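To start, the structure itself, in structure tokens.
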There are 4 protein chains.
Amino acid sequence: MINVTIKNGERIRRKQDQLCRGAMKACVKKGFHATSMREIADAAEISLGSIYNYIEKKEDILFLLHKDFLGRIYRRLDESAENFDDPTRQLFNAIREVFRLTSELRDQALFIYTETKSLSKEYLQEILKNESEFVSKIETLITNGMDAGVFKCKNPSILANFIAFSFAIIPLRGWNLLVKNTEDDVVNEWIDLFSLRLNVESVSDDLNRGPNRMGK
Amino acid sequence: MINVTIKNGERIRRKQDQLCRGAMKACVKKGFHATSMREIADAAEISLGSIYNYIEKKEDILFLLHKDFLGRIYRRLDESAENFDDPTRQLFNAIREVFRLTSELRDQALFIYTETKSLSKEYLQEILKNESEFVSKIETLITNGMDAGVFKCKNPSILANFIAFSFAIIPLRGWNLLVKNTEDDVVNEWIDLFSLRLNVESVSDDLNRGPNRMGK
Amino acid sequence: MINVTIKNGERIRRKQDQLCRGAMKACVKKGFHATSMREIADAAEISLGSIYNYIEKKEDILFLLHKDFLGRIYRRLDESAENFDDPTRQLFNAIREVFRLTSELRDQALFIYTETKSLSKEYLQEILKNESEFVSKIETLITNGMDAGVFKCKNPSILANFIAFSFAIIPLRGWNLLVKNTEDDVVNEWIDLFSLRLNVESVSDDLNRGPNRMGK
Amino acid sequence: MINVTIKNGERIRRKQDQLCRGAMKACVKKGFHATSMREIADAAEISLGSIYNYIEKKEDILFLLHKDFLGRIYRRLDESAENFDDPTRQLFNAIREVFRLTSELRDQALFIYTETKSLSKEYLQEILKNESEFVSKIETLITNGMDAGVFKCKNPSILANFIAFSFAIIPLRGWNLLVKNTEDDVVNEWIDLFSLRLNVESVSDDLNRGPNRMGK
DNA sequence: AATGAATGAGAATTCATTCAT
DNA sequence: CATGAATGAATTCTCATTCAT
């Protein structure tokens, strides 16, 4: 994907990881453009020249950051969904889990959401494809529930998008929301909203707000 | 707020407006950092040197763009709400109208939403205050309905935030949503979602999806 | 030709001239690549940033240097040829004059001859076109003499190229030639060589080696 | 001359040869400065680090390239001259042979001629000494002919320089000359020119343009 | 007030050379 | 000896801001 001078693939992965961690730390504060390669190098503890053994150009870092971040989000969605068989629990538990992750990574999420636009066309397309797949996964969780007769939904595609979009609310509007509310208040409100729309008779409280990872 | 050398207030406002229109045109394409003052000057048809009679530094332009954009959004909310007395119509008509405006100004909205972070602390606070007031206005529309006994809502503050947040979905996720759906599909889905949550018995279709600006 | 931000055409010419003089001074010593933009800026007494108001990229300077240098050479050829009507005097006087100029500008000529290769394709083509015209001009001087019956020559094109080429000998091999000989020795030898080949019965000494610019 | 860490002289020579071949291939395309050590290493199929066992610094490569190239040219001159006893045949056959070699190695010759200037003083002196010896060799061929009474020449030193210089015409001006002429046209023209100057009564055609290497 | 040329600090990137393995 | 990753000085170029006209 990214053309580099280094031959050892394992080393590339290791260093790009190191680079990502440092770059994220540095970029979150000031945004991508405003963060110089020197600052990234310092934060990643890789020498300035060395960075260019693992990337071709600064923008590659932004791309890596996106891939890395989205990867973590998607993995959380997958893993959360695997914990339940019941479609209702499966969906809403996954929502809760991903929501918690984006809240936890609030600054990083804000950074990613606002810097996607800075990607060049080629990279943007790849990232948007990733995001599409993420939405599709949510849509599948919805249609599974519909097939099982527990959800009613006219347009699962739109709802899946809404759900994916809802994960951004703490990063984007936490400055206002969290003044009077906790993250849990917010996610519960979303879940109530979506469960109403899915015509779920009773997302029983122990289920909806119960402890995480209750196992199957 | 912005310290300028010019005395004539009216002239300042006129030129800053001209500057805004040009700057928005120029910045929407490439983002704020990537747009040079020269490009902004060209787009605004003001000479490069002259710009600095009306602003102090480049960031001032970003601030002006935010103020200008948010002003237009808020004005739309106000004007829409004034068209109805009935709280249900008042709220949902306003949602529809503002939604349509952000969809229409999709590129500008995306620009504003993603560049807010670039504002310096001082400016950011002012912009966030504006946004808070916007959310408060929505919250008032909700509580009015509650007082009138037509809405039920446990936490109007969160819901108002959700509604404000929902306006961003076309700018931020239109690339995915609008592949299979129209803007109207999307706004109707939001309205259904929110009306369900507000326990509105029947947002009758002629009301909910009726023609715009039907007058009182 | 070169895209610049400055509008005033006269100013562009003036500054590009200033830039050329400085750049030539700086580049002659170390070659084009080894001379940094900062050194050029210092030599030209133009600030580093200002230079980029009058060129787009460093290579433009090399192109300007070529154009400027070749222009001076060609002008000398034209002016010299105008001084005589007699084809023999016309040709050999011009040779002598141009030869003297390239000897005088020995360092600059060496620089130009050895850095032509560094030009990008587009610029190279334009410069080579210039050079072609220069050779054609010499060829015309030869064919004029042939038409007048004073020169005999099987292949004026090759000979014109030889003559053009011969101007480079002092810049390129002066380090060896000028150990034992003067520039005049060298040019006289060339002239003898070429006049023999043109079958000129007697390039009388007063003509051949006589004072410069004797008028018509 | 070049200080290296390796002891084994034979190995040094072998690797430097390999380096030369690769470096020439790589440098001819873009010039010496524009060719990175990595590119040279790749072209020579020697690892980047290993190169520095056989040279001290990049410039050493340029020096080696010069030595190698000039060596080939000089060897051709020597060998060609050995093929004949007759001074006329000896000189003009040698000219033809060397001319053909520089034409054949046109790109390499152009590279060498234009990059000599990039050598540092120390190396430059050694290369120029080599070139001096080359010219002296030609001068000897001329004075031999004069001693034998077949050449008349006032200044063999200048003429020898002219001859040496003439070998550069295809590399330097082939782009123009070879549009209308063949290499043989060009060399024959030079030979005619020089033979006229040497007062050779008749460089008979079979001799002058006859087959190469006709043996003694 | 308007203009647009001048400025130089700072950006990304390259690359010869070194050095640990 | 061979390898190739690491280094950071140096390079070109950009651009917000200033300032003379």
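Given the structure is predicted, the values throughout are model-derived calculations rather than measurements. To find a chain, count down the sequence lines: A is the first, B the second, and so on, and within it residues start at 1.
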Counting only N and O atoms by type, is there a donor-acceptor contact under 3.5 Å from the side chain of D68(A) to the main-chain atoms of L64(A)?
-> no
Would you indicate what L48(C) reaches in the nucleic acid, counting non-hydrogen atoms under 4.0 angstrom: base, sugar-phosphate, or nothing?
-> base
Could you say whether N53(A) or M37(B) is positioned toward the 5' end of DNA chain F, judged by the nucleotide with the nearest heavy atom to each?
-> N53(A)
Quick one: does E59(A)'s side chain have a donor or acceptor within less than 3.5 Å of a partner on S120(A)'s backbone?
-> yes
Atom pair CD1/CZ of I61(D) and F32(D) - distance to nearest 0.5 Å | 6.0 Å
Looking at side-chain heavy atoms only, is the closest gap between M37(C) and I55(C) below 4.5 Å?
-> yes
Nucleotide dA12(E), atom P - distance to NZ of K57(C) in whole Å = 23 Å
Nearest-Å distance for atom pair CD1/C1', residues I61(A) and dA11(E) = 13 Å
Just to confirm, is there a sub-4.0 Å distance from OP1 or OP2 of dT21(E) to any side-chain nitrogen or oxygen of R11(A)?
-> no
DNA chain E nearest-nucleotide lookup for E39(A) and G49(C): closer to the 5′ end is G49(C)
Any cation-pi pair here, K57(C) with F63(C), using under 6.0 Å and within 45°?
-> no
Would you mind telling me which of dC13(F), dA6(F), dA2(E) lies closest to the side-chain atoms of K15(B)?
-> dA2(E)
Interatomic spacing from OG in S47(B) to CG in N53(B) - rounded to 0.5 Å | 8.0 Å
Would you say Y52(D) reaches dA2(F)'s phosphate, i.e. side-chain N/O to OP1/OP2 under 4.0 Å?
-> no
Could you tell me the separation between the CD atom of E45(A) and the P atom of dG8(F), rounded to a whole number of Å?
-> 13 Å
Rounded to whole angstrom units, what separation is found between the CD1 atom of I40(C) and the C1' atom of dA10(F)?
-> 15 Å
Minimum-distance nucleotide (side-chain atoms of S47(C) versus dA6(E), dG4(E), dG8(F)) = dA6(E)
Consider the side chain of K58(B), meaning its heavy atoms from C-beta on, and name the nucleotide among dT17(F), dC1(F), dA2(E) that approaches it most closely.
-> dT17(F)
Each stem that DNA chain E is part of, given as range with range (3 or more consecutive Watson-Crick or G-U pairs, under 3.5 Å) = E:2-21 with F:2-21
Tell me which of I51(B) and T35(A) sits closer to the 5' end of DNA chain E, going by the nucleotide each one is nearest to.
-> I51(B)
Nearest listed nucleotide, side chain of S36(A), among dA12(E), dT7(E), dA5(F) = dA12(E)
R38(A) atom CZ, neighbour heavy-atom count above 12 within 6.0 Å = no
Taking only the side-chain nitrogens and oxygens of Y54(C), find out if one of them lies under 4.0 Å from OP1 or OP2 of dA6(E).
-> yes
For atom CD1 of I55(B) and atom C1' of dT18(F), their distance in whole Å | 13 Å
Atom pair distance, as rounded to whole Å: NE2 in H33(B) and P in dT14(F) = 18 Å
Would you mind telling me which residue lines up with the more 5' stretch of DNA chain F, S50(C) or R38(D), judged by nearest nucleotide?
-> R38(D)
Protein-nucleotide distance (Q18(D), atom CD; dC1(F), atom P), rounded to Å | 15 Å
At what distance, to the nearest 0.5 angstrom, does NE2 of H66(B) lie from OH of Y113(B)?
-> 10.0 Å
CZ of F32(C) versus P of dT11(F): gap in Å, rounded?
-> 13 Å
